[in-house]
Amino acid sequence: MTNKEVAKILRNVAASYAIKDERKFRFQIMAYQRAADTIEHQSSEIRELYEENKLDMVPGVGSSIKSHLQELFKTGKVKHFDWVTKGVPKSLFPLLDIPTFGPKKAYRIVAELGLKDPENVINDVEKLAKKGKIASLPGFGEKSEKDILRAISEFRQKKGKTQRMVLPYAFDLAEKVVNYVKQSEAVIKAYPLGSLRRMMATVGDIDIAVATKNPIAVIKHFIAYPYKDRVIEEGSTTASILVSSGRQIDLMTQPPQSFGSLLQHFTGSKNHNIHLRDYALKKGISLSEYGIKKKVESGKLKVESFDTEEKFYNAIGMDWIPPELREDTGEVELAIQHKLPNLVELSDIKGDLHIHSDYPIEPSHDLGHDSMEQLLEKARKLNYEYLGFSEHNPSVSKHTEEKVYSILARRKEKIEQFKSNNKDVRVINLLEVDILACGHLSLNEKALSTLDAAIVAIHSSFSMDKKKMTKRIIEGLSNSKARILGHPTGRLLNQRSSFDFDFDEILDFCKKRSIALEINAWPTRLDLPDTMVRQAIQNGVKLIINTDSHAVWQMNLMKFGVAVARRGWAVKNDILNTMHYNEFIKWLKG
DNA sequence: GCCGTTTTCGGCCCGACTGTTTTCAGTCG
């Protein structure tokens, strides 16, 4: 059962409570919605957390929801959920997936029109709307009927937030729109915020904050964006549009003197903001994008403004919190105690160890596009101290063992030349070696002896059971040349979920052998995922951030790997490739 | 139903926008 499916079940419970008695159950509704939100956006699988007995780690999951989830995973259903959803037409649940449909609207439509078939309810609503049957219902009208038809159509085309973007795509889109927004003279500052600023692995929509003294002019300019599909909403301080690629862009404005609180509000996350505001309430102050509302002596409410985020956080009584940490997983408490970690930064990185050149190694998988010389030149520009070449191992099915060895021996000669000629960027002889289904590495000892060390990784037979996969990985890591576990979970964002393995066991083994886990910065990997990075660090396991570049330009993707490390609370010491060359080599050679 | 730097009981974030309402409900972030 995926996180999305679990979240959907919890949302259905919240909706059922809302239909039965919204006032009576208002706090249950909030609790179930919050749990659904956090589970849906959790970067580790909730099912695995259940198996590892770590459901408590999920914010918003308390004793009650935890026991319901345990029942769900054990038996496939939950008695309490059946009780709550009893009497609520099942046909309304599919409608909740469509933006602009909430529990009330969905319920009134299926109840008034007698729609009972959950399989076809979306089609049924569409047909009836086309016949004009919705506009005549109480509380609905011509406009809302048209809006329903459009919402269904956009939902089918996966427009809006139904499909999440990988980070670089979101970056490009945000940059385009921000550049356009800045063309308005009324714009003083404009930044992309939301999950993009928090550097989440995937981004649902683009949020832009604008400092201006003339919000009406800014919004008028914004909604005239040339690649706009339609305006979703347009108010006096905020607006939302859908662009032709189907993505949603939200814009919020504040005057410059209260821009700091807008940055804070619009960066989120939602749970972070709720925690912050809850904490503030207990101090008798109230937070919003406008600033901090306090009672003054006359008994009247007064809003204090903040032009920077730092001042805003400080005024609540805590340190400024890096956006990557704002997920309500302990950062607020530490900010109050002035004990936030000093997160690793891009400028700390001194080398990239996972680089595929075009060296003719006749690999099992894909070859790089650029030469070792070109890649080294790029490393110089990035001010790296070292660079590790790590093509895929030569194909073992197409070559004899002797042939594999001779390819690697020749490659070693070339790399040795670099080693003696290059003193500014030191070269390291690595290779990305497959861990075969049986647990053996795809190269024999003689072939491995040509290398300084190996990045080992899974590239086949992903659907093994958990025990076998864990054993396979540990066997692969047992070879003394294996120093780095490459893209450890094997996930591909929006394509393939991670394979099943016992992470705790891998962590134990890596800790014992001083083996590093890779944070692969490739945008559809971002593997290890951030929550597992944090777990690795808590267990004293070190990490290496690599780009897995197959071309020169891809070496710029390092920032996305650093972002994952920061979201996993990594400081400089946790990341091995922040070390100088001599220290790094010392670790690498074991 | 969750949660804890005045709490294990008694609170629960804050505001914008839209449509169909003549004063607000529903949805969203």
Side-chain angles (χ1 to χ4, degrees), chain A residues 10 13-15 17-19 22 24-38 56 58-69 80 84 96 98-109 134-148 151 160-161 193-195 204-207 209 215 219 231-240 248 250-254 261-262 264-293 303 316-318 328 332-339:
Chain A
L10 297 179
V13 173
Y17 271 133
I19 287 156
E22 193 181 22
K24 182 174 166 195
F25 296 119
R26 50 193 285 236
F27 297 113
Q28 281 88 340
I29 294 168
M30 274 168 44
Y32 275 93
Q33 275 168 348
R34 175 162 182 244
D37 283 344
T38 30
D56 306 75
V58 183
V61 175
S63 63
S64 182
I65 292 184
K66 179 185 164 187
S67 77
H68 294 324
L69 289 179
H80 177 68
V84 178
L96 299 176
I98 303 170
T100 73
F101 277 83
K104 298 293 179 58
K105 186 160 141 185
Y107 178 72
R108 273 174 38 217
I109 288 177
I134 302 228
S136 53
L137 298 178
F140 291 87
E142 298 281 340
K143 184 73 173 71
S144 51
E145 188 172 75
K146 272 190 191 141
D147 288 347
I148 284 170
K161 296 169 193 184
L193 304 176
S195 51
D205 66 356
I206 304 291
D207 301 313
I219 284 165
V231 177
I232 296 170
E233 58 184 33
E234 174 197 354
S236 56
T237 59
T238 74
S240 294
Q248 183 173 334
D250 296 340
L251 179 126
M252 292 184 87
T253 63
Q254 279 294 326
S261 48
L262 177 63
Q264 197 291 313
H265 165 79
F266 213 9
T267 297
S269 66
K270 189 175 178 180
N271 282 337
H272 175 83
N273 286 358
I274 290 175
H275 191 150
L276 227 53
R277 288 167 185 193
D278 186 49
Y279 175 72
L281 267 189
K282 282 159 191 161
K283 294 179 119 189
I285 58 179
S286 162
L287 312 181
S288 76
E289 61 266 43
Y290 292 92
I292 298 182
K293 205 189 278 176
V303 178
I316 314 166
M318 61 183 77
D328 191 26
V332 174
E333 291 82 351
L334 290 185
I336 293 165
Q337 301 166 32
H338 311 292
K339 283 184 184 163

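Each chain gets a letter, A, B and so on, in the order its sequence line appears, and its residues count up from 1.
With contacts defined as side-chain heavy-atom distances shorter than 4.5 Å, the pair A:Asp328/A:Ile274 does not qualify. Using a 4.5 Å cut-off on side-chain heavy atoms (C-beta onward), A:Lys270 and A:Asp37 make contact. Side chains of A:Leu193 and A:Met252 form no contact here, defined as non-hydrogen atoms less than 4.5 Å apart. Counting only heavy atoms from C-beta outward, the side chains of A:Ile148 and A:Lys105 approach each other to under 4.5 Å.
Between A:Leu96 atom CG and B:dG26 atom C1' there is a gap of 13 Å when expressed in whole angstrom units. If you measure from atom NE2 of A:His272 to atom P of B:dC13, you get 15 Å, rounded to the nearest angstrom. If you take CD1 of A:Ile232 and P of B:dG26, they are 22 Å apart, rounded to a whole angstrom. In this structure, A:Lys283 places its NZ atom 21 Å from P of B:dG11, rounding to the nearest Å. What separates NE2 of A:His275 from C1' of B:dC3 is a distance of 9 Å, to the nearest Å. Taking atom CD1 of residue A:Ile109 and atom P of nucleotide B:dT27, one finds them 10 Å apart after rounding to whole Å. Distance A:Asp147 CG to B:dC17 P: 17 Å, rounded to the nearest Å. The interatomic distance linking A:Arg26 (CZ) with B:dG11 (P) rounds to 12 Å, in whole Å.
Look at A:His265 and you won't find any side-chain N or O under 4.0 angstrom from OP1 or OP2 of B:dC13. Regarding contacts with the backbone of B:dC13, every side-chain N or O of A:Ser288 stays at 4.0 angstrom or more from both OP1 and OP2. Taking only side-chain nitrogens and oxygens, A:Ser286 comes nearer than 4.0 Å to OP1 or OP2 of B:dC14. Within the structure, a side-chain polar atom (N or O) of A:Thr238 is placed less than 4.0 Å from OP1 or OP2 of B:dC17. OP1 and OP2 of B:dA16 both lie 4.0 Å or more from every side-chain N or O belonging to A:Thr253. Residue A:Lys105 places none of its side-chain N or O atoms closer than 4.0 Å to OP1 or OP2 of B:dG26. Between A:Tyr279 and B:dC13 there is no side-chain N or O to OP1 or OP2 distance below 4.0 Å.
The ring-ring contact (aromatic ring centres under 6.0 Å, His included) check on A:Phe266 picks up nothing, with sequence neighbours excluded. Residues passing the ring-ring contact (aromatic ring centres under 6.0 Å, His included) test with A:His68, sequence neighbours excluded: A:His80, A:Phe81. Among residues two or more places apart in sequence or in another chain, the side-chain hydrogen bond (donor to acceptor under 3.5 Å, both in side chains) test is passed with A:Asp147 by A:Lys143, A:Arg150. With sequence neighbours left out, the side-chain hydrogen bond (donor to acceptor under 3.5 Å, both in side chains) criterion links A:Ser240 to A:Asp250. For the side-chain hydrogen bond (donor to acceptor under 3.5 Å, both in side chains) test, residues two or more places apart in sequence or in another chain that qualify with A:Lys282 are A:Asp278.
Distances from the side chain of A:Pro99 to the nucleotides B:dG26, B:dC28, B:dC13 place B:dC28 closest. The listed nucleotides are B:dC13, B:dA16, B:dT20; the one nearest the side chain of A:Lys270 is B:dC13. Residue A:Glu233 has its side chain nearest to B:dC17 when only B:dC13, B:dG1, B:dC17 are considered. The side chain of A:Arg34 lies closest to B:dC3, out of B:dC3, B:dC13, B:dG1. Ranking B:dC12, B:dG26, B:dG1 by closeness to the A:Asp278 side chain, first place goes to B:dC12. The side chain of A:Met30 approaches B:dC13 more closely than any other nucleotide in the set B:dG1, B:dC13, B:dC28. Listed nucleotides B:dC13, B:dG19, B:dG26 differ in distance to A:Lys143; the shortest reach to its side chain belongs to B:dG19. For A:Ser236, taking side-chain heavy atoms from C-beta onward, the closest of the listed nucleotides B:dC17, B:dC14, B:dG1 is B:dC17. Picking from B:dA16, B:dC3, B:dG26 the nucleotide with the shortest atom distance to the side chain of A:Thr237 gives B:dA16.
The glycosidic torsion of B:dT22 lies more than 90° away from 0, placing the base in the anti range.
The P atoms of B:dT5 and B:dG1 are separated by 23 Å, rounded to the nearest whole Å. Distance noted for atom C1' between B:dG19 and B:dC13: 25 Å (whole Å). If you take atom P in B:dT6 and the same atom in B:dC12, they sit 16 Å apart, rounded to whole Å. Nucleotides B:dC28 and B:dT23 are separated by 25 Å at their P atoms, to the nearest Å. Nucleotides B:dT21 and B:dC17 have their P atoms positioned 22 Å apart, rounded to a whole Å. Across the P atoms, B:dG26 and B:dT20 are found 14 Å apart, a figure rounded to whole Å. Between B:dA16 and B:dT22, the two P atoms lie 23 Å apart (nearest whole Å).
Of the nucleotides present, none pairs with B:dT8 by Watson-Crick or G-U wobble criteria with both distances under 3.5 Å.
Nucleic acid contact for A:Gln337: base, since at least one base atom lies under 4.0 Å from a heavy atom of the residue. Heavy atoms of A:Phe25 sit nowhere under 4.0 angstrom from any nucleic acid atom. Across all strands shown, A:Glu142 has heavy atoms under 4.0 Å from sugar-phosphate atoms exclusively, and none from any base. Residue-level contact check: A:Ile29 touches neither bases nor backbone, having no heavy atom under 4.0 Å from any strand. Residue A:Leu287 is in sugar-phosphate contact alone, with no base atom involved, counting any heavy-atom pair closer than 4.0 Å across all strands shown.
Of all heavy-atom pairs between A:Ile134 and A:Phe140, the closest is O-CB, 3.3 Å.
Nearer the 5' end of DNA chain B, as judged by each residue's closest nucleotide, is the contact made by A:Tyr17, out of A:Tyr17 and A:Arg277. Map A:Tyr32 and A:Ile285 each onto its nearest nucleotide of DNA chain B; the residue landing nearer the 5' end is A:Tyr32.
Evaluation of A:Phe27 against the base of B:dC2 yields no stacking contact (centre distance < 5.5 Å, interplanar angle < 30° required).
Counting atom types as modelled, A:Glu333 pairs no side-chain N or O with a base atom of B:dT5 as donor and acceptor under 3.5 Å. Side chain A:Lys282 to base B:dT7: a donor-acceptor pair is found below 3.5 Å.
Sparse packing is recorded around OH of A:Tyr107, with 12 or fewer heavy atoms of other residues, nucleotides or ligands lying under 6.0 Å away.
DNA chain B is contacted by A:Pro59, A:Gly60, A:Val61, A:Gly62, A:Ser63, A:Ser64, A:Ile65 of residues 58-66 of chain A, taking any non-hydrogen atom closer than 4.0 Å.
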